[in-house]
Trainee: 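Handing you this structure, nothing more for now.
Hydrogens, waters and symmetry mates play no part in the numbers below; they use all other heavy atoms, side chains included. Quick note on labels: first sequence line is chain A, next is B, and so on, each numbered from 1. Quantities reported herein were computed from a predicted structural model and do not represent experimental measurements.
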Protein chains: 2
Amino acid sequence: MRISTKGRYALRVMLYLAEHYTLGHIAVKVIAEEESLSPKYIEQIMSKLTKAGLVIAVRGANGGYRLANSPSNYSVAQIIKVTENNEDFSPCAPAGGTPCPRYKKCISSDVWQLVQSTIEELLDNLTLTDLLRMQQDKLGTPSLYLTYLSHLNKK
Amino acid sequence: MRISTKGRYALRVMLYLAEHYTLGHIAVKVIAEEESLSPKYIEQIMSKLTKAGLVIAVRGANGGYRLANSPSNYSVAQIIKVTENNEDFSPCAPAGGTPCPRYKKCISSDVWQLVQSTIEELLDNLTLTDLLRMQQDKLGTPSLYLTYLSHLNKK
DNA sequence: AAATAATCCCAGTGCAATAGTAGGAAAAAG
DNA sequence: CTTTTTCCTACTATTGCACTGGGATTATTT
């Protein structure tokens, strides 16, 4: 059960595309440079995002990538699901494999399912525009950002 | 950001000890047999649980392990924290390492912190007795188990 | 038409962590 | 003093992650 660099980098790239949404296509070379990431690695991630229809690729000189929809249409969950090999979430009953023999009576599997669904619910309701707003607030006057932080510090 | 077999097995072992709380000490050999886990691997996990004070070990013949406190005193979060190498949670600013240079301005790091704190809060409030109750309800008459499942299916 | 600039595709590689194995020393009980 | 347990340390094999590299394809520019 994990979130790796693939998903994390994907979010950063999508945020970058959202920030520069009006500029049209942006090449991997530029994104990787700006975000200090390996261009070839980002290429692979873009491939997944393209195949899933989250971004639109334009080949050839002056080509690049752009969001397929406006930033408000993307949830963090969506981005993670597409880029991550999320097979090992809910490890007791993997998607393509045979479930653990004690799956039915073992209660611990429900804990991991609960964890997964909780994360999903959280990230489902977090869009790129939410994050852009948070970013503005983080740098400038805090408002929404503090809302999230207060939830974070509630414990 | 991951939960591995160490943490998951540890929870199963702790649940087993909680179920047989009244029996006194139970040997690794028995637990491993009952839970279909590698005895030598469980030994290592028990070592962590012992050092953290969650269980009490009795060496020698007729020895074994027992919970240090009653099951209601253990949260899932506690068990995971002790057994898991939780360094790679919040990957942007690791505990012992240097934080990512863009940590201050990059908003995506806040997403992962939010994920982490959400999981922590969830698992902090989930005790072994909660799970035992869920297990009874799962097999017999459902009550609390359905409460959790409804939350799970809410989305 | 040719050169250039980009995505696409597939293969390989180094490293680190996971998931165990293995062997024996120390301690307690019978 | 033999047996049964935990304790401790080291070793290992596999897996998956995090890239790197080389070209083929597509489109623009000159």
Trainee: For Lys6(A) and dT20(D), what is the distance between atoms NZ and C1' respectively, to the nearest whole Å?
Mentor: 13 Å

Trainee: Can you name the side chain to side chain donor-acceptor pair (under 3.5 Å) partners of Ser38(A), sequence neighbours left out?
Mentor: none

Trainee: Within residues 11-28 of chain B, find the residues that approach DNA chain C with a heavy atom at under 4.0 Å, and present them sorted by residue number.
Mentor: none

Trainee: Which residue pairs satisfy the ring pair (Phe, Tyr, Trp, His ring centres under 6.0 Å) criterion with at least one member in residues 35-60 of chain A, sequence neighbours excluded?
Mentor: Tyr9(A)-Tyr41(A)

Trainee: Taking all heavy atoms of Lys138(A) and all of Ser109(B), pick out the closest pair and write down the distance.
Mentor: NZ-OG, 4.3 Å

Trainee: Would you indicate, yes or no, if dA19(C) has its OP1 or OP2 atom less than 4.0 angstrom from a side-chain nitrogen or oxygen of Thr5(B)?
Mentor: yes

Trainee: Write down the distance between CD1 (Ile56(A)) and P (dC8(C)), rounded to a whole number of angstrom.
Mentor: 11 Å

Trainee: Distance check needed: dC19(D) C1' versus Ile42(A) CD1, whole Å only.
Mentor: 11 Å

Trainee: Let me check something: any side-chain donor-acceptor pairs from residues 26-36 of chain B under 3.5 Å, sequence neighbours excluded? List them with distances.
Mentor:
residue  : atom : partner   : partner atom : Å
Glu35(B) : OE1  : Arg12(B)  : NE           : 3.0
Glu35(B) : OE1  : Arg12(B)  : NH2          : 3.2
Ser36(B) : OG   : Arg102(A) : NH2          : 2.8

Trainee: With a 4.0 Å cutoff (strictly under), does any side-chain N or O of Ser4(B) reach OP1 or OP2 of dA19(C)?
Mentor: yes

Trainee: Over all heavy atoms of both residues, which pair between Glu84(B) and Ile3(B) is shortest? Give the atoms and the distance, please.
Mentor: OE2-C, 3.8 Å

Trainee: So, is Tyr65(A) near the phosphate of dC8(C), with a side-chain N or O under 4.0 Å from OP1 or OP2?
Mentor: yes

Trainee: Show me the donor-acceptor pairs within less than 3.5 Å that the side chains of residues 69-79 of chain A make with the rest of the protein, sequence neighbours left out.
Mentor:
residue  : atom : partner  : partner atom : Å
Ser70(A) : OG   : Ser72(A) : OG           : 3.3
Ser70(A) : OG   : Asn73(A) : OD1          : 2.9
Tyr74(A) : OH   : Leu54(A) : O            : 2.6
Tyr74(A) : OH   : Ala68(A) : N            : 2.9
Tyr74(A) : OH   : Asn69(A) : N            : 2.8
Ser75(A) : OG   : Gln78(A) : N            : 3.1
Gln78(A) : OE1  : Ser75(A) : N            : 3.3

Trainee: Considering only side-chain heavy atoms of Gln44(B), which listed nucleotide, dT6(D), dT20(D), dT21(C), is closest?
Mentor: dT21(C)

Trainee: Using the ring-ring contact (aromatic ring centres under 6.0 Å, His included) criterion, which residues pair with His20(B)? Sequence neighbours excluded.
Mentor: Tyr16(B)

Trainee: I need a per-nucleotide contact map over nucleotides 22-28 of chain D, read 5' to 3'. Cutoff is protein heavy atoms under 4.0 Å; write B for the base, S for backbone only, - otherwise.
Mentor: BB-BBBS

Trainee: Rounded to the nearest Å, what distance is computed from the CZ atom of residue Arg66(B) to the C1' atom of nucleotide dT6(D)?
Mentor: 15 Å

Trainee: Starting from C1' on dG16(D), measure out to CD1 on Ile3(A) and report it in whole angstrom.
Mentor: 17 Å

Trainee: Is there a side-chain polar atom (N or O) of Ser38(A) under 4.0 Å from OP1 or OP2 of dT20(D)?
Mentor: yes

Trainee: Sorted by first residue and then second, give each side-chain hydrogen bond (donor to acceptor under 3.5 Å, both in side chains) pair with at least one member in residues 48-57 of chain A; sequence neighbours left out.
Mentor: Lys48(A)-Asn85(A)

Trainee: dT7(C) P sits how many Å from Ile45(A) CD1, rounded?
Mentor: 14 Å

Trainee: To the nearest angstrom, how far is Lys29(B) atom NZ from dT4(D) atom C1'?
Mentor: 9 Å

Trainee: For Tyr41(A) and dG21(D), give me the distance from atom OH to atom P, rounded to whole Å.
Mentor: 16 Å

Trainee: Tell me every residue that passes salt bridge (charged side-chain N to carboxylate O under 4.0 Å, His left out) with Glu43(A), counting only those two or more places apart in sequence or in another chain.
Mentor: Lys40(A)

Trainee: Reckon Ser47(A) touches a base, only the sugar-phosphate, or nothing at all at heavy-atom distances under 4.0 Å?
Mentor: nothing

